[in-house]
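Only this structure's heavy atoms are used, side chains among them; waters, hydrogens and symmetry mates stay out. Along the sequence shown, residues are numbered consecutively beginning with 1.
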Amino acid sequence: MNKWIRGTNATVLSIAAIGIFIILTIFLHSLKGFQVDLTKNKNFTLSEQTTSTLKSLDQNIHVISFTNSGDGNDFITRQVTDMIQEYKKQSSKITYDEYDMLKQPSMAKQYGVDQGGTIVFEIGDKKQSINYYELFTGQQDGSYTFSGEEKFTQAIKSLTSTEKHTVYMLSGHNEYPANALGAFHSALTAANYDVKDLNLYVEGKIPDDANMLMILGPENDLSDKEATLIQDYLKGKGKIYIALGFNKDMATKWKNLDAIMQTFGIQDQHAVAIEPKQTSLYDPLTIIPDYGSHDITSKLSSNNLVTMLRLAVSLNADDSAADYTKSLLLKSTDKAYGETDINLLAQSKTKQDTTDVKGPLNLGYAIADKDNKPKAVILGGSTFVLDQDIQTQGNKDFALNSIGWLQEQKDQITIRPRQGDAYQQAMITPSQANTIFLTTIVFLPLLFLVIGGLIWWRRRRG
């Protein structure tokens, strides 16, 4: 009788424990969005900026991740996927699909994706693509930062924004051709810029809807009539973005370009920036400048993302144009110098002498008017917007940040990147692997089975 009572009690207690567990599970599952983040760096806790953005969504957003099962980047893919799943928990407006480019190449072709590790945000016919490698920044100690939340939330804000900015890219002076700026053009379009080409000899004027004029990589000077049109445009509410190209005769052939920059108190020194230190990553004509203190560069600096310029021209700010405030954006190290003998440079015989500009060299300025409103960005180099360079480190962010500052965009998202510890990889021998397998898969389960059997046998005999 006692055995029967004890068996009945054990059964009732087991059923009660299981019932409580089931009820608790159902209750917790009913609490939408409830979770406890016990990770060291709060990897599953979204910022207030993100949660408010997601709660205000009134459009369906389709998120598509294109991976490559053969690239061995499972760790990176899992980080991105986990982040998107957190977004889905916060909003029913978000749907998510993942495609392997090796198994479903037609889907990648449909979305214009040519490499694995790309995530696409889509609302109707509007799309914005982000490459995985834009989200991760490695540190010297092997740790990394993950800026996925900032990039994803900014993509959603851009896609749902109804505000449009019309920018014109000037042509006719050997500026960069459109086929060399595909990625830059796509990034501008995704950020709600309406990008148009402008040849002043064809149009005869700067269109009334121009929020900004861009001159990217000009090799030749403007004509007098073009310069007059641009100067008149700038006297009003016009804004300009100048990223200089290169011409070996720029000291004598860039009269009107120099005059436009001088309007803001910026002097072209007609010297090509040389960095004597040469490494396996870049040559002396490639400059990795330091950042000045400005809204454009603050996030890049804090995230340790560099901007790279090649064949850049040194600039300087003088005391003219007192109505404008000039803020330094980019400068070289003090070891760099500006080569003024371009013919010597062309022969690869450059060497610092007394005629050269001593470092540090100033390579970029942001200019505000007397009311502290953005007016111009003038840069000594422009290669950072080319397809071959724009995805390098902070090049794309620097370009978009400087354009966004000019357009006084207030909806830029600033979310601190998440810190990740160095990826740990254990190297074990085949014999060690066999030991681990036998211990965890064979011996431990067998040990518990034997112990359970002995307990059962003792209770049965008792």
Side-chain angles (χ1 to χ4, degrees), residues 163-178 181 184-185 188-189 191-245 247 250 253-268 296 313 315 317-318 320-327 329 364-382 385 399-410:
E163 186 179 15
K164 277 280 187 182
H165 301 272
T166 303
V167 300
Y168 283 86
M169 290 188 180
L170 193 66
S171 62
H173 316 90
N174 278 354
E175 292 91 348
Y176 294 136
L181 300 172
F184 181 53
H185 192 285
L188 288 175
T189 301
N192 287 332
Y193 291 97
D194 188 9
V195 185
K196 300 180 180 179
D197 184 66
L198 175 63
N199 189 312
L200 288 175
Y201 276 93
V202 175
E203 297 295 332
K205 67 171 188 175
I206 297 176
D208 296 334
D209 64 345
N211 296 122
M212 179 174 62
L213 179 65
M214 302 185 73
I215 307 178
L216 300 178
E219 295 180 12
N220 302 326
D221 198 17
L222 310 171
S223 70
D224 292 346
K225 291 183 178 180
E226 287 177 306
T228 299
L229 288 173
I230 292 174
Q231 292 281 21
D232 290 341
Y233 168 72
L234 294 174
K235 288 176 182 176
K237 295 182 179 180
K239 299 179 180 183
I240 194 166
Y241 188 99
I242 301 176
L244 293 175
N247 185 316
M250 55 187 166
K253 298 279 183 74
W254 277 5
K255 179 188 68 171
N256 288 318
L257 271 172
D258 287 351
I260 289 174
M261 289 187 284
Q262 191 62 52
T263 300
F264 303 108
I266 303 300
Q267 178 189 1
D268 181 355
I296 292 173
V313 177
L315 308 170
D318 57 33
S320 63
D323 287 341
Y324 295 104
T325 301
K326 284 83 73 175
S327 300
L329 295 177
Y365 289 91
I367 295 110
D369 62 19
K370 60 183 179 181
D371 298 320
N372 203 32
K373 296 290 185 181
K375 189 67 177 178
V377 170
I378 299 177
L379 306 169
S382 54
V385 299
L400 294 179
N401 287 356
S402 52
I403 292 169
W405 175 80
L406 260 182
Q407 293 303 299
E408 301 179 71
Q409 288 189 346
K410 304 300 183 183

Pairwise distance [atom1]([X]) to [atom2]([Y]) - rounded to 0.5 angstrom:
X      : Y      : atom1 : atom2 : result
Leu257 : Glu226 : CG    : CD    : 9.5 Å
Thr189 : Lys164 : OG1   : NZ    : 7.0 Å
Leu170 : Asn199 : CG    : CG    : 7.5 Å
Trp254 : His173 : CH2   : NE2   : 12.5 Å
Asn247 : Glu219 : CG    : CD    : 7.0 Å
Leu198 : Met169 : CG    : CE    : 11.5 Å

If the condition is side chain to side chain contact (heavy atoms under 4.5 Å, CB included), which residues does Tyr233 pass it with, not counting sequence neighbours?
Ile206, Ala210, Leu213

Considering all heavy atoms, the nearest [X]-[Y] contact:
X      : Y      : value
Gly381 : Ala243 : O-CB, 3.5 Å
Ala366 : Ile296 : CB-CD1, 4.2 Å
Tyr365 : Ala317 : OH-N, 3.2 Å
Ser402 : Tyr241 : OG-OH, 3.0 Å
Gly217 : Ser382 : CA-OG, 3.4 Å

All salt bridge (charged side-chain N to carboxylate O under 4.0 Å, His left out) counterparts of [X], not counting sequence neighbours:
X      : result
Asp224 : Lys255
Asp369 : none
Lys253 : Asp249
Asp232 : Lys235

Would you say Leu244 and Met250 make side-chain contact, with heavy atoms under 4.5 Å?
no

Taking side chain as C-beta onward, heavy atoms only, is Leu222 less than 4.5 Å from Ile260?
yes

Would Asp194 and Asp209 count as a side-chain contact (heavy atoms from CB on, under 4.5 Å) if you check the C-alpha gap in whole Å, the side-chain angles of each, and the deciding distance to 0.1 Å?
CA-CA 10 Å; Asp194 188 9; Asp209 64 345; 5.8 Å; no

Side chain to side chain donor-acceptor pair (under 3.5 Å) involving [X] - partner list, sequence neighbours excluded:
X      : value
Asp258 : His270
Thr228 : none
Thr325 : none
Asp318 : Gln262, Ser320

Among all residues two or more places apart in sequence or in another chain, which pass the ring pair (Phe, Tyr, Trp, His ring centres under 6.0 Å) test with Tyr324?
Phe264

Hits for ring pair (Phe, Tyr, Trp, His ring centres under 6.0 Å) against His165, two or more places apart or cross-chain, chain-then-number order -> Tyr193

Run the numbers on Gln407 and Asn192 for side-chain contact (heavy atoms from CB on, under 4.5 Å), then give the verdict.
CA-CA 11 Å; Gln407 293 303 299; Asn192 287 332; over 6 Å; no

Does the Asn211 side chain pair with the main chain of Val167, one donor and one acceptor, at a distance under 3.5 Å?
no

Is Lys239 reaching over with its side chain to a backbone N or O of Leu406, donor-acceptor style, under 3.5 angstrom?
yes

Output side-chain donor-acceptor pairs under 3.5 Å for residues 371-380, partner residues at least two apart or in another chain, one line each.
unit_1 : atom_1 : unit_2 : atom_2 : d
Lys375 : NZ     : Leu234 : O      : 2.8
Lys375 : NZ     : Gly236 : O      : 2.8
Lys375 : NZ     : Gly238 : O      : 2.7

Check the pair Glu203 / Lys196 against salt bridge (charged side-chain N to carboxylate O under 4.0 Å, His left out), numbers first and verdict last.
CA-CA 12 Å; Glu203 297 295 332; Lys196 300 180 180 179; over 6 Å; no

